[in-house]
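Residue numbers run from 1 in the order of the sequence given. The analysis underlying the following values was restricted to heavy atoms, covering all of them including side chains, and did not include hydrogens, waters or symmetry mates.
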Amino acid sequence: MATAPMALYEAPGQFDADGNGHYCRCTTKPELLAKVRNMEIFKDDCFVVSYPKTGTTLTRHTLFLICNDGDLEVTKQKPICERVLYLGADEHFAKIESLSRPRLMQIHFPFEMFPIQAMEKNAKVIYVMRNPKDTLVSYYHYYRSCKSLGNFPGTWDDFFQLFLNKKLVHGYFYDHVLSWWNQRHRDNILFLKYEDMVTDPKSNILKICTFLGKTLSADKIDDIIKQTSFESMRDNPTTNNSQSKFQDNKIFPFIREGKIGGWKKYFTAEQCEIIDKIHADRLAGTSLSFQFE
């Protein structure tokens with residue numbers, strides 16, 4: 001598979017962050033990690049939390065539309081990273097004071113690095129998940145096209161080794177997902193799966209509405225379904241990251257395919273065997289499962 005140097009590849013500014021005993025590969029500066037961890041939280045705050053490339057943008061866009069009654073004109077005013085504020089970058093965190101309430105925010109942190117007050121004050125958290133095989137393939141393409149991750153020069157095989165060596169930014173997929181799934185007893189956390197959002201958007205929109213205590217008309221829900229379709233988000237400059245200084249869309253577009261089962265074009269039989277064993281071992285007894293095709 002990968003050569004030793006590529007198997008140890010690190011993105012610019014990447015380091016090991018210690019969040020209360022939980023180690024996470026991170027590019028967010030330590031001082032910002034502390035600010036996020038100790039930030040003041042309001043009860044009506046709402047967070048989208050995820051491992052990268054698991055449906056974050058889809059969930060953010062859906063959440064914003066629900067909270068704004070499906071008003072597409074409002075979504076055109078700012079890119080998604082400012083409408084649902086990303087807390088892992090200084091330039092975005094600095095804008096938190098200007099957010100109107102309820103504040104909509106997003107982060108890729110494991111539970112142990114999440115704002116302490118969020119659980120104390122029962123702030124709303126939507127955690128979105130995706131099957132690990134499609135997640136890794138999507139993350140591989142993002143690694144290659146993202147300037148801030150160094151435009152990863154390696155092959156898919158090299159990237160798979162990074163995953164096995166726990167070198168990926170935002171940590172190891174299973175550690176991240178289980179850190180949140182282990183909190184499923186909390187009624188302020190809603191768990192969603194990307195595959196369900198794609199195959200049955202209406203049901204998942206209604207889940208979010210119920211979770212937030214929102215009521216929307218059938219017409220508004222239909223509008224949100226249209227606006228959160230893959231085609232609509234791909235062609236929308238506020239969701240497709242085409243204006244981002246960190247994304248090189250000439251290599252791969254930020255919204256690339258969005259399909260379930262695309263991993264089959266990349267995983268070798270050996271890689272499938274490896275990840276299937278990890279998957280079975282880590283999820284044993286957790287009641288958590290994923291759709292792979």
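The hydrophobic clustering, which links ILVMFWY residues whose side-chain heavy atoms are closer than 4.5 Å, places Ile260 and Val137 apart.
A salt bridge links Asp281 with Lys277: the distance from a Lys NZ or Arg NE/NH1/NH2 to an Asp or Glu carboxylate oxygen falls below 4.0 Å. Ion pairing between Lys193 and Asp200 fails under the 4.0 Å rule for side-chain N and carboxylate O. Asp45 and Lys124 are not joined by a salt bridge, as no carboxylate oxygen comes within less than 4.0 angstrom of a charged side-chain nitrogen. Under the 4.0 Å criterion applied to side-chain N and carboxylate O atoms, Lys214 and Asp69 are assigned as salt-bridge partners.
Partner Phe267 forms a ring-ring contact (aromatic ring centres under 6.0 Å, His included) with one of Phe292, Phe160, Tyr140 and no other, that one being Phe160. When each of Arg101, Lys121, Arg103 is checked for a salt bridge (Lys or Arg N to Asp or Glu O under 4.0 Å) with Asp44, only Arg101 meets the rule.
Donor-acceptor pairing under 3.5 Å is recorded for the side chains of Thr56 and Ser50. Side-chain atoms of Trp263 and Glu293 include no donor-acceptor pair closer than 3.5 Å. In this model, a donor atom of one side chain and an acceptor atom of the other lie less than 3.5 Å apart for His279 and Tyr174. Donor-acceptor pairing under 3.5 Å is lacking for the side chains of Asn131 and Gln291.
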Could you go step by step and tell me if Tyr266 and His141 meet the ring-ring contact (aromatic ring centres under 6.0 Å, His included) rule?
CA-CA 11 Å; Tyr266 295 85; His141 289 293; 5.4 Å; yes
Does the salt bridge (charged side-chain N to carboxylate O under 4.0 Å, His left out) test come out yes or no for Asp175 and Arg282, once each step is laid out?
CA-CA 9 Å; Asp175 290 344; Arg282 290 304 305 271; 3.0 Å; yes
In sequence, state the C-alpha distance, the side-chain angles, and the governing distance for Trp180 and Phe114, and then conclude on ring-ring contact (aromatic ring centres under 6.0 Å, His included).
CA-CA 10 Å; Trp180 281 97; Phe114 197 64; 5.0 Å; yes
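Taking the ring axis of Tyr139 as reference, the NZ or CZ atom of Lys53 does not stay both within 45° of it and closer than 6.0 Å to the ring centre. Remark: Lys167 is not positioned above the aromatic ring of Tyr9, lacking an NZ or CZ atom under 6.0 angstrom from the ring centre and at most 45 degrees off the axis.
When atom types are taken as modelled, the side chain of Gln106 and the backbone of Val84 share no donor-acceptor pair closer than 3.5 angstrom. Although no hydrogens or angles enter the test, the distance criterion places a donor-acceptor pair under 3.5 Å between the side chain of Arg184 and the main chain of Trp181.
Side-chain contact between Thr54 and Tyr194 is absent, with no heavy atoms from C-beta onward closer than 4.5 Å. Between Tyr127 and Leu192 there is no side-chain heavy-atom pair separated by less than 4.5 Å. Residues Leu85 and Phe93 are not in side-chain contact: their nearest non-hydrogen atoms beyond the backbone lie 4.5 Å or more apart. Residues Leu178 and Leu283 meet the side-chain proximity criterion, which asks for heavy atoms closer than 4.5 Å. With a 4.5 Å cut-off on side-chain heavy atoms, Leu32 and Lys35 count as touching. Two residues are said to be in side-chain contact when any heavy atoms from C-beta on lie closer than 4.5 Å; Ile107 and Met113 fail this criterion.
Shown here for Ile116 and Asn38, the closest heavy-atom pair between the two residues is CD1-OD1, 3.8 Å. Between Ile66 and Cys209 the shortest heavy-atom distance is CG2-SG, 3.8 Å. Contact record, Gln227 with Leu65: OE1-CD2, 3.0 Å, taken as the closest heavy-atom pair.
Separating the CZ atom in Phe159 from the CZ atom in Phe152 is a distance of 7.0 Å, to the nearest 0.5 Å.
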